[in-house]
Structures are given as C-alpha cells and as structure tokens.
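The structure's right below; bear with me while I get my questions together.
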Amino acid sequence: MKERAHIVWFKRDLRTSDHAPLAHAASAGRIVALYVYEPELLAQEEHHPAHLAFVNESLTALDKSLKSKGVALTLRVGRLPQVFEELAREFEIAGVWSHQETGNAVTFARDLRVAEWCRSKGVLWREYRQDAVVRRLANRDGWAHRREEFLASFVPRVPAQLSGLTKELASTGILDGSQFGLDRHEMLDVQPGGWEAGRATLRSFLRERSVHYASSLSSPVSGWEGCSRMSPHLAYGTVSLREVVGATRAVQRALHGQPGRDSRPHLQSLAAYEARLAWRCHFIQKLESEPSLEFLNGQRVTDSLRRLQFDASADARFQRFVRAETGYPFIDACLRCLARTGWINFRMRAMLASFCSFDLWLHWRRPAIHLARLFLDFEPGIHFSQFQMQAGTMGINTLRMYSPVKQQQDQDGDGRFVRQWIPELAHLPTEYLAAPWTMPPLLRLQYGFVLGRDYPEPIVNHDAAIAFAKRAFYPLRNRPEARDEARAVQRRHGSRLASEARDARTFGRRRGPLK
C-alpha cells in the first residue's frame, strides 16, 4: 500500500518562516517538500541565467532549513502537472499546498493546468496569500484596509519537526543553467540568494542603512547602500512581506521609545520605505486584476501611438539601447551597471523606461522584456505595470519624461557613477560629462576626445524627441473616448491614496502603531 503525503509546492516562496502552506500541510500529516525546475519558465525571454543562480542559492538554503526540521527538499524537472502525475505513482497525494502567485502568462496557464488536474484526481489544492494581492478584486475601494488586515493576520507557526515519507524520494539535486541550455551569466556582482542572506540584508538595512533611505534612494551612487536591497528576496520569497513590514514597524516602535533622541529623520526614512512596500503590492495587484497588462496597453486608445512590431529604424534604436550605446552617458552607465550587477535604483529604472518610450519612441513591450532579463529582482506584476505607467499607456498617470542630462546632473553631480561605468569618458571635465557632445572643439582636441569614435553621438535629440511625444500624447488624452477609458482604468486600478491612507492609519492604531 502506498504511503500518503501532502505536497508542499514551493514556487516564489523559498523559505520556511511565515509559510502558511507548510504550516497547515504539516498539521494535516506527512509532507513532501517539492520544488520543480520548469523548462518552459526557464525558456522565457525575460529569464536570465542569473535568476536561476539566485534561485539555486535560495534552494540550497531552503533545503538546509527543511533538513533541520527533519525533511529534505525534493527537486524534480518537468512540466506541471505531469510532475504531480509521476509523484502520484510513488505515493498517494493527500493534497497540494502552495502560495498564490501573480506571475506571467506562462505561470498562469500552468496554474490552470494544475487546478484542472487536481479536480480530475480529486486532490484538494489549497492556496494561501503571501502578500496583499486580492484575487477576483472588483475595484480598489477598501484595498488598503484589506492590505492591513493581511499584514495583521495570524501567522501559523511551522513546527520545529516535520514528518515526511518513510522512504526517500529521488531528487535531481541542484541543477545549474548548463543543464537547461543556458549560457554562463556575466553578472559578477549580484546579491546572493537564500533566506539567511535575505535576513542579513534586512537587518543591516533596518539597523544602519535605513537612516538615510529617504535622501539616498534617488541616486544610483547613494542608493546602492541606502536602498534596502530586499527586492530580489521579496521577489523570490526568501523573506516574506509580513516579516519585512513587521521588522520595519518594530524598529519604528523602538525609535519612538527613545526619549531625548531626535529620531525624526530615521522615522521619516522608515515611513518612506513602508510606503514603497505598499506601492509594491499596489502594482502587483494591477497585473492580478488584469493579466493582459503583460502584453496590451492598459489604455487601448494609446495603441495607435507606437507600433508593437518594430520597423528597421525602431529596431536599430532598440539595439543601440541593448548594447548601451545610446550616446547618453547616464543611460549607458545604468545599462552597463545592470548588466554587471542585476540592480539599479528605482528612479533610474523609471528613467530607462521613459527614455525607451519617449526619446526612442518604442513600444514598451520589447524594452520591458530586455530589462526584465537584467533585473535580478524581476517581479512580473511590478515590472509590466510600472513600465506601462512610465510609457504613458495606462492613461491615468502624469507623463514622466525624464531628461538623461538633467538626471545625471541631479543624481550624479560629480560624475562618480558615470566614470565608474563609462571609463572611456572618465578623463573628461565634469561639466561636460553629462553631455559630451557640447564640448567645444578645442577642448575636445585638448582631451584627445573624438565624438563618434571614443563614444557614440546621441542616438536622438532629446528636446526634439520630447516635443514630438508631447504632440502625440496630449491631444490624444483630451479625446472623449480617451477620457472615458481613463476613468474606467482609474476605477479598476487607481489608488485611493488619501482616503485609503486615512483608513489604514485608523486600522493600524487598532492593531498597533502604524507610523
């Protein structure tokens, strides 16, 4: 007679703390802790070998944590639900337990297949929330209140000892990218994965680095240390959202309890950080509510502005962007930094999206996929929703048309960041570093700098490109059909910021300090 066990299916939740599926499955009987390498996911355009490396480090840490509780992580390769079908021949599947996932279209289709398989086999699949995203949400009314309810909800404790099958299941072990036909990645300065690394990063941020968060998050120089750097750990679930918010609020309470010390700057930074965590959920909710945002403009009247299929000219502009040869030093420095480290701060991400959308006049989809590959912390819900906001295709946001020259002057005034990533410009005077094409000819001769040889000429004239974008966008936004569609988008996705924040603060005072 086959043994009976519950499958705990790990996906983007690679931890054992604050893990409701693991806790509830353990209380129901024996468990099999499962992670599946899915070739169809690894073959997606937005996947980068560095993503798999981060996952593998996280799987190693997860296996260590599970073994300390008496079970090992079972690793398999294949398509789902076929992997479940194979496991069903080895033991009786009493149930499947997992967290909900707001992923891309491939993971959504995968989950539909799993749901159908479970129904056909009479296997109950229980899914649990791990963030503030609400499935089948009609509109955003009261959403912030529901987010607070989730954050304040009971966290089931995972037992110190778990009960697994009496026999050991075959496991592939950790598989590197070469086994899936992936090239070695060249991201040499990436963050390590795993729950231990995630918690260490969170501790260093809350205890030390967060003091200057509010003032340092906009610059790629200060943001490197001043930002939390928790984004890849939240994306792959090595640390849960509730753990991060809970730890942040604990530090806030401690700072309030220190009389005689001026903690206001630190508290302001922590409040700004917590607001960013709320916006994170806000944008993931958009893709959950409207999965087509991965592919289609949120405001469909903007379909007429940019062509999804690139012609030769658009493709040439895109390829120069991919090669970091745009002729705008700040843009190229950000792209080179991403290719090496997998991270850049949010304002620079917004600038890159704006540059593709307004300066290069490209449909957002292809640049979004390229940058998704480069972002170690790629989170589909955030990424596609944010990119559309920056591209102006959601219809409800102010058009943000960043000047790369001004951004460099504001965020890298001494040129440290650009000199680090564009060494061929390192010898130029700082006053010309943001726009080397403005150097007088005699000065170029003095510095031995030839524009077009030593560094590309600007791919476009920024002022002319932005003027063109405004002429295209603003009249369209004033059309009656565009306004009607924008109102519909606002009802479905728009923030209820003022009233929701007030409600959240009131709710927080009932549950504990929310400051």
Side-chain angles (χ1 to χ4, degrees), residues 44-48 104-105 283 286-287 292-339 344 346-375 378 380 382-395 397-408 456-477 482:
Q44 293 299 296
E45 285 184 285
E46 58 261 47
H47 186 270
H48 192 284
N104 59 14
F283 279 97
K286 291 186 180 185
L287 188 64
S292 64
L293 291 179
E294 181 182 352
F295 304 101
L296 303 176
N297 291 339
Q299 187 186 32
R300 299 307 304 277
V301 71
T302 60
D303 289 355
S304 62
L305 291 177
R306 307 182 184 100
R307 295 180 58 185
L308 177 59
Q309 300 299 323
F310 287 2
D311 58 20
S313 175
D315 188 65
R317 297 195 299 274
F318 174 66
Q319 294 304 329
R320 280 187 62 176
F321 179 82
V322 168
R323 296 193 302 269
E325 296 175 355
T326 68
Y328 284 91
F330 210 34
I331 296 291
D332 295 339
C334 289
L335 290 169
R336 291 189 192 183
C337 177
L338 271 173
I344 197 75
F346 172 75
R347 180 179 285 269
M348 299 303 97
R349 299 183 190 209
M351 180 186 70
L352 292 176
S354 170
F355 186 79
C356 288
S357 302
F358 299 117
D359 287 73
L360 303 186
W361 201 243
L362 301 176
H363 191 283
W364 58 267
R365 171 71 185 170
R366 277 183 71 185
I369 292 298
H370 173 65
L371 291 177
R373 278 181 52 80
L374 297 182
F375 293 161
F378 168 55
I382 300 174
H383 187 68
F384 295 119
S385 300
Q386 275 282 353
F387 218 106
Q388 288 224 43
M389 183 184 79
Q390 301 299 339
T393 54
M394 289 300 294
N397 309 102
T398 301
L399 295 178
R400 295 173 172 87
M401 299 178 180
Y402 293 85
S403 163
V405 172
K406 185 177 187 305
Q407 288 301 310
Q408 180 174 334
E457 295 186 16
I459 186 172
V460 294
N461 179 293
H462 172 74
D463 291 338
I466 294 305
F468 173 83
K470 289 179 178 179
R471 288 196 302 271
F473 258 100
Y474 289 133
L476 181 143
R477 284 195 160 196

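Heavy atoms only: backbone and side chains are in, while hydrogens, waters and symmetry mates are out.
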**Study point:** Under 3.5 Å donor-acceptor, Gln408 side chain and Pro329 backbone
**Key:** no

Check your understanding: Does the pair Asp359/Arg317 count as a salt bridge with the N-to-O cut at 4.0 Å?
Key -> no

Exercise for review: State, yes or no, whether a side-chain contact exists between Leu362 and Phe321 at a heavy-atom distance under 4.5 Å.
Suggested key: no

**Study point:** Student check: side-chain heavy atoms of Leu335 and Phe355 closer than 4.5 Å
**Key:** no

Review point. Taking only residues two or more places apart in sequence or in another chain, which ones pass side-chain hydrogen bond (donor to acceptor under 3.5 Å, both in side chains) with Arg300?
Key: Asp303

Exercise for review: Measure the shortest side-chain to side-chain distance between Asn104 and Gln44 over non-hydrogen atoms and say whether it is less than 4.5 angstrom.
Suggested key: yes

Point to revise | Worked check of side-chain contact (heavy atoms from CB on, under 4.5 Å) between Ile466 and Ser403 | key: CA-CA 9 Å; Ile466 294 305; Ser403 163; over 6 Å; no

Exercise for review: State, with a plain yes or no, whether a side-chain heavy atom of His47 is found less than 4.5 Å away from one of Phe378.
Suggested key: no

Check your understanding: Is there a side-chain contact (heavy atoms from CB on, under 4.5 Å) between Met351 and Gln407 once you walk through the steps?
Key -> CA-CA 8 Å; Met351 180 186 70; Gln407 288 301 310; 3.7 Å; yes

Check your understanding: What pairs of residues pass the salt bridge (Lys or Arg N to Asp or Glu O under 4.0 Å) test when at least one of them lies in residues 397-406, not counting sequence neighbours?
Key -> Lys406-Asp410

**Study point:** Beyond-backbone contact of Gln319 with Arg323, side-chain heavy atoms, under 4.5 angstrom
**Key:** yes

Practice item. Begin with the C-alpha distance, continue with both residues' side-chain angles, and end with the deciding distance and a verdict on ring pair (Phe, Tyr, Trp, His ring centres under 6.0 Å) for Phe473 and Phe358. Key: CA-CA 10 Å; Phe473 258 100; Phe358 299 117; 5.7 Å; yes

Review point. Hey, are the side chains of Ser357 and Gln390 touching, using non-hydrogen atoms and a 4.5 Å cut-off?
Key: no

Review point. Within a strict 4.5 Å, meaning less than it, do heavy atoms of the Leu305 and Asn297 side chains meet?
Key: no

Review point. Hey, are the side chains of Ile344 and Arg349 touching, using non-hydrogen atoms and a 4.5 Å cut-off?
Key: yes

Check your understanding: What residue among Trp364, Phe384, Phe387 forms side chain to side chain contact (heavy atoms under 4.5 Å, CB included) with Ile369?
Key -> Phe384

Review point. Is it true that the side chains of Thr393 and Gln388 contain a donor and an acceptor less than 3.5 Å apart?
Key: yes

Review point. Partners of Phe310 by ring pair (Phe, Tyr, Trp, His ring centres under 6.0 Å), sequence neighbours excluded?
Key: Phe318

